[in-house]
Amino acid sequence: SDHHLEYPAEPKLMDWTRHYPQYYPAKEGEEQKKVEFADIGCGYGGLLIALAPVFPDKLMVGMEIRTKVEDYVYERIKALRVQKPGNYQNVSIMRMNAMKFLPNFFEKAQLSKIFFLFPDPHFKQRKHKARIISNTLLAEYAYALRVGGILYTITDVKDLHIWMVKHLDEHPLFEKLTDEECENDPAVPHVRTATEEGKKVERNQGDKYLACYRRIEDPYYN
Ligand code: SAM
């Protein structure tokens with residue numbers, strides 16, 4: 001159950017100071033930087049650690065439901081901040097159930113990237129409602145993502161890939177990136193190789209299915 005998970009009633013009540021002490025609160029006269037990248041079900045944090053130096057001026061957060069995994073990533077980031085002073089100040093981890101509380105953390109259009117890397121497949125038909133990509137949840141992701149922002153998915157489970165692509169294709173607020181656009185995206189190489197699950201798939205010589213979507217403008221409100 002989620003009763004022991006802490007979450008703000010609305011995004012403006014969220015205190016990010018603990019996560020990004022170098023950036024919160026903003027210095028006088030400067031605009032407050034906000035989290036722009038969310039790695040949903042981040043696991044052991046490989047993507048965040050890889051992206052931190054690639055996008056040093058973007059704040060990014062991993063969201064993970066397992067306490068032990070959150071603790072591990074927390075310690076990992078803490079150690080990196082000590083080893084390389086001034087670096088990794090832009091990454092953090094929080095424990096949360098991303099299927100329930102995302103709108104409590106992010107304002108409309110706050111995010112420019114949202115990642116779903118090797119999400120749990122929930123193979124059985126009756127468990128499909130537990131999948132992290134669904135019509136209902138896509139509405140939440142579309143709300144949090146700004147126009148032009150990118151949603152990344154990758155999996156080694158072909159059936160899940162087909163499922164995610166189907167739901168994203170059907171959704172009016174997402175448009176698929178072409179293969180060329182994916183190849184030119186600086187985050188994509190890390191999406192393929194940086195996470196622990198991605199490395200495991202590589203060791204087992206499994207396939208990886210990538211699909212990236214752009215948040216487009218709402219056709220009804222323009
Ligand atoms: N993305 C990581 C990677 O590529 O190595 C981890 C992949 S792992 C197969 C899926 C992760 O999603 C697990 O760590 C799991 O605890 C987490 N997870 C599952 N449901 C979640 C939810 N509702 N909210 C947040 N995290 C969740």
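None of the values given here were measured: they were computed from a predicted structure. Start at 1 and go down the list; that is how both ligands and their atoms are numbered.
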If you look only at distance, which donor and acceptor atoms sit under 3.5 Å apart when one is on a side chain in residues 153-161 and the other is two or more places apart or in another chain?
unit_1 : atom_1 : unit_2 : atom_2 : d
Thr153 : OG1    : Ala211 : O      : 3.0
Thr155 : OG1    : Val157 : N      : 2.9
Asp159 : OD2    : Arg131 : NH2    : 3.4

Next item on the list: Please list, chain by chain and in numerical order, all residues satisfying ring-ring contact (aromatic ring centres under 6.0 Å, His included) with His190, sequence neighbours excluded.
Entry: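 Here no residue qualifies.
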
Margin query: I'd like to know whether Met63 forms a side chain to side chain contact (heavy atoms under 4.5 Å, CB included) with Ile40, so could you lay out the CA-CA distance, the side-chain angles of the two residues, the decisive distance to 0.1 Å, and finally the verdict.
Written below: CA-CA 5 Å; Met63 302 189 141; Ile40 309 297; 4.0 Å; yes

Next item on the list: Output the set of protein residues with a heavy-atom contact under 4.0 Å to ligand 1, ordered first by chain identifier and then by residue number.
Entry: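 Shell around ligand 1 (4.0 Å, heavy atoms): Gly41, Cys42, Gly43, Met63, Glu64, Ile65, Arg66, Met96, Asn97, Ala98, Met99, Leu117, Phe118, Asp120, Thr195, Glu196, Glu197.
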
Distance-only check: which donor-acceptor pairs under 3.5 Å involve side-chain atoms of residues 137-144, not counting sequence neighbours?
unit_1 : atom_1 : unit_2 : atom_2 : d
Tyr141 : OH     : Ile132 : O      : 2.7

Next item on the list: Give a yes or no on whether the backbone of Val35 and the side-chain of Gln110 come within a donor-acceptor separation of less than 3.5 Å.
Entry: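 Yes: the side chain of Gln110 pairs with the backbone of Val35.
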
Margin query: With a 3.5 Å distance limit and no angle check, can you tell me whether Gln32 reaches the backbone of Ala26 through a side-chain donor-acceptor pair?
Written below: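 Side chain of Gln32 to backbone of Ala26, a donor-acceptor pair under 3.5 Å: yes, one is there.
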
